[in-house]
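Chain letters run A, B, ... following the sequence lines, proteins first and then strands; every chain starts at 1.
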Amino acid sequence: MKWRKSFIPTLREIPREGDIKSHILLLKGGFIRQVASGVYAFLPLGWRVFKKVSQIIREEMERIGAQEFYYPSLIPRELWELSGRWISFGDDMFRLKDRKSRDLSLAPTHEEVVSELIKKEIRSYKDLPQIWYQIQTKFRDEPRPRAGLLRCREFAMKDSYSLDATWEELDKSYELHYDAYSKIFKRCGLVFNIVEASTGVMGGKESHEFMVESSSGEDSLAICHECSYSANLEIAEAYPMNEEIEGKYKSKEKIHTPDVRSVQEVSEFLGVTSREIIKSILFKRNGKKVLALVRGDCEINEAKLARVLGGEVRIFESGEILEEFGVSAGFVGPLEINVDEIVGDYSVKGIKNGVVGANEDNYHIVGVTPGVDFEVKKFADIRKVKQGDLCPKCKSPLEIKNAIELGHIFKLGTRYSETMDVYYADKDGQLKPVIMGSYGIGLGRIMAAAQELYADEDGMVWPLSIAPFDIHILPLEMRGRIKDEADRLYKKLVQKGEEVLMDDRDETPGVKFKDADLLGIPLRITIGRKFMEKNLFEIRVRKTKESIETDGNEIYDKIQNIKGELLKNGNL
RNA sequence: CGGGGAGUAGCGCAGCCCGGUUAGCGCGCUUGGUUCGGGACCAAGAGGUCGAGGGUUCAAAUCCCUCCUCCCCGACCA
């Protein structure tokens with residue numbers, strides 16, 4: 001491709017809407033343009049990358065025997081009502097009406113469509129196993145789209161479902177996906193973590209996420225560097241905190257603590273450490289009132305609490321607390337409080353003579369001990385793991401890192417097939433629920449994550465496997481011998497099947513170099529002064545900034561060598 | 001949903017508090033010329049419903065009201 005005939009609108013200045021590195025660079029490099037909040041057009045370069053990514057995904061999916069489908073984006077309301085999600089999806093679902101006033105949605109996911117197909121078409125164990133996948137646009141009206149391609153309202157996703165007759169076969173399908181995903185992300189040139197993940201509201205038994213560490217990521221991981229333990233913070237565990245902590249106040253006493261609410265304020269006001277404060281947080285579960293307790297230097301993990309209690313939980317809002325308990329948030333405590341259940345985190349168990357809210361505004365009670373001054377029916381792991389906590393497996397300190405979720409695989413099991421009524425006839429003629437797995441990948445996120453990982457101060461750096469082009473030819477003059485030689489080289493490389501972009505603009509060298517760095521094509525071939533003097537081309541590797549000089553006879557072989565090296569070294 | 005910021009030429013911004021000729025600047029763009037290994041130089045030029053609507057005023061980018069769009073932070077851990 002020649003630049004002058006291409007549409008590559010690079011920008012000199014940082015666009016106003018750009019925030020994180022990948023977003024800014026994709027805009028600057030002319031890969032994407034924003035159409036609306038969380039909605040992007042892919043320009044030719046961006047689309048080339050997208051197609052490379054999707055090709056890799058297709059190849060690896062086909063390799064595990066998956067078949068590609070194409071589903072509609074327009075889904076009628078009736079289909080959602082089968083699963084109850086017309087209501088439960090809430091505002092995240094884009095809804096519209098057709099000319100006859102029928103309700104439709106833009107698919108935020110395709111589970112219902114798939115399930116309907118399975119339900120209608122899969123009848124016998126002989127029809128199983130199957131892996132069905134699709135790469136499609138999903139629409140979700142996110143409360144806050146952000147970070148360019150990382151959180152969009154319209155985005156491309158590879159989704160697959162495994163359909164099996166037995167749990168053993170599900171394990172096999174899961175394994176296949178686990179391996180296929182590993183290959184996909186590796187082939188995309190990414191460095192990633194595979195972490196244990198929450199199965200969420202959908203239920204299911206096992207789940208992993210494929211994560212790229214990045215400060216721009218919205219997820220947090222707990223990672224152990226000593227053993228293999230790593231998990232999404234939503235479910236991460238730590239070696240239980242069971243230290244004995246002796247508080248400062250030895251006898252139970254109600255103390256006036258005017259306007260002292262937060263743990264920090266309490267600890268400063270009373271001169272106690274945050275570790276001897278028992279934090280009391282009120283939750284609702286199915287209309288029941290639950291008080292959750294955690295040590296003052298820790299936080300509650302709602303997802304864990306939900307699992308312990310079985311079912312979704314919702315925190316009490318401060319207004320609701322005042323209404324139901326007649327006390328402001330900040331002075332809630334476990335003594336004589338009217339709740340259905342008290343759950344304590346293990347970290348609270350060892351506190352003696354601690355500090356709690358008095359359930360009366362502007363008062364706290366000191367010298368309070370769980371089991372003595374109040375009963376905790378259940379102790380459980382309900383706290384959020386934090387930096388430096390000990391690994392549950394090997395007791396080394398855990399590190400907390402932000403990460404971008406690129407892929408998520410999980411064993412749905414029968415939960416979905418049972419609610420959606422998806423059954424097959426077994427060998428003995430008995431109806432049994434199809435055992436399902438669900439597996440997703442965000443394509444745009446792969447593009448963004450690659451730049452979050454590799455972009456440098458000069459611009460993007462694409463892994464060879466997903467780069468828009470492999471080679472970027474830079475003739476520094478568009479006349480005379482340099483132009484002729486560049487044309488000849490371009491033709492030769494294209495004929496040999498290389499993907500080449502040639503900057504044939506009549507621009508100064510500085511402009512061409514800057515744009516080349518910005519686009520991040522892995523190999524750059526410069527034809528300029530060195531060629532005029534010694535007939536030498538310069539091949540430069542974008543990632544390492546290393547360059548070699550070569551003559552016209554050897555250049556093709558040299559290119560192949562470098563590409564080979566790049567592929568060997570994880571694609572960069 | 002709560003809080004904050006922004007919308008002026010293709011892009012990035014100034015002007016707005018304190019209303020007053022033809023609304024500026026940088027980059028980009030067009031034409032001509034000189035350049036040609038890290039975002040060149042000279043000259044001439046084109047390009048604007050100042051987000052939309054309404055109001056105040058002799059006069060509005062500027063003041064007031066309503067709305068739209070975009071960005072950031074937060075969404076209740078007491």
Just to confirm, is there a sub-4.0 Å distance from OP1 or OP2 of [N] to any side-chain nitrogen or oxygen of [X]?
| X | N | result |
| --- | --- | --- |
| A/Arg144 | B/A75 | no |
| A/Arg529 | B/C36 | no |
| A/Gln34 | B/U69 | no |

Candidate nucleotides B/C29, B/C36, B/G37, ranked by approach to the side chain of A/Glu507 - the nearest: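 Closest nucleotide to the A/Glu507 side chain: B/C29.
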Among B/C72, B/C29, B/A78, the nucleotide that comes nearest once only the side chain of A/Arg146 is considered: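 Nearest listed nucleotide: B/C72.
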What integer distance in Å separates [X]:[atom1] from [N]:[atom2]?
| X | N | atom1 | atom2 | answer |
| --- | --- | --- | --- | --- |
| A/Glu218 | B/C73 | CD | P | 10 Å |
| A/Asp345 | B/A78 | CG | P | 14 Å |
| A/Glu533 | B/C36 | CD | C1' | 14 Å |
| A/Leu27 | B/C71 | CG | C1' | 13 Å |
| A/Arg153 | B/C71 | CZ | P | 8 Å |
| A/Glu13 | B/C29 | CD | P | 13 Å |
| A/Arg16 | B/A6 | CZ | P | 11 Å |
| A/Leu293 | B/C77 | CG | C1' | 12 Å |

Audit row: A/Glu154, A/Thr137, side-chain hydrogen bond (donor to acceptor under 3.5 Å, both in side chains) steps and yes/no: CA-CA 7 Å; A/Glu154 173 174 343; A/Thr137 306; 4.7 Å; no
[X] and [Y] ion-paired at < 4.0 Å:
| X | Y | result |
| --- | --- | --- |
| A/Lys377 | A/Glu341 | no |
| A/Arg153 | A/Glu142 | no |
| A/Asp92 | A/Arg140 | no |
| A/Glu218 | A/Arg146 | yes |

Applying a 4.0 Å non-hydrogen cut-off, can you work out what [X] is touching in the nucleic acid: base, sugar-phosphate, or nothing?
| X | value |
| --- | --- |
| A/Arg295 | nothing |
| A/Ile14 | sugar-phosphate |
| A/Lys530 | base |
| A/Ala147 | sugar-phosphate |

Could you pull out all donor-acceptor pairs under 3.5 Å where a side-chain atom in residues 532-541 of chain A meets a protein atom, sequence neighbours excluded?
from, atom 1, to, atom 2, distance (Å)
A/Asn535, OD1, A/Arg481, NH2, 2.5
A/Glu538, OE2, A/Arg524, NH2, 3.4
A/Glu538, OE2, A/Thr526, OG1, 3.4

Six-ring centre of A/Trp80, A/Arg85 cation under 6.0 angstrom, axis tolerance 45°: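 Output no; distance or angle outside limits.
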Derivation and outcome, salt bridge (Lys or Arg N to Asp or Glu O under 4.0 Å), residues A/Asp456 and A/Arg542: CA-CA 10 Å; A/Asp456 59 25; A/Arg542 175 65 182 82; 2.8 Å; yes
Which base, if any, makes a Watson-Crick or G-U wobble pair with [N], both distances under 3.5 Å?
| N | answer |
| --- | --- |
| B/C70 | B/G5 |
| B/U49 | none |
| B/U57 | none |
| B/U30 | B/A44 |
| B/A14 | none |

Given the [atom1] atoms of [N] and [M], what is the spacing between them in whole Å?
| N | M | atom1 | result |
| --- | --- | --- | --- |
| B/C77 | B/C72 | C1' | 23 Å |
| B/C68 | B/A23 | P | 31 Å |
| B/G54 | B/A61 | P | 14 Å |
| B/C50 | B/G39 | P | 38 Å |
| B/G48 | B/C29 | C1' | 15 Å |
| B/C36 | B/A44 | P | 24 Å |
| B/A59 | B/A14 | C1' | 23 Å |
| B/A40 | B/C27 | P | 11 Å |

A/Ser215 side chain to A/Asn402 side chain, donor-acceptor N/O pair below 3.5 angstrom: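 No, no side-chain donor-acceptor contact under 3.5 Å.
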Positions of residues 547-554 of chain A (non-hydrogen atom under 4.0 Å from RNA chain B), listed by number: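 Within residues 547-554 of chain A, no residue comes under 4.0 Å of RNA chain B.
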Under 4.0 Å protein heavy-atom contacts per nucleotide of nucleotides 38-53 of chain B, with B for base, S for backbone only and - for none: BBB-------------
Ring center gap for A/Phe513 and A/His472 short of 6.0 angstrom: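 A/Phe513 vs A/His472: aromatic centres not under 6.0 Å.
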Over 12 foreign heavy atoms within 6.0 Å of NZ, A/Lys491: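 No, NZ of A/Lys491 has 12 or fewer neighbouring heavy atoms, counting only those of other groups under 6.0 Å.
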A/Arg4, CZ: over 12 other non-hydrogen atoms inside 6.0 angstrom: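 Counting other residues, nucleotides and ligands, CZ of A/Arg4 stays at 12 neighbours or fewer.
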Residue whose closest nucleotide on RNA chain B lies nearer the 5' end, A/Glu299 versus A/Ala36: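 Of the two residues, A/Ala36 wins.
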5' precedence on RNA chain B between A/Thr526 and A/Pro145 (nearest-nucleotide basis):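 The residue mapped nearer the 5' terminus is A/Thr526.
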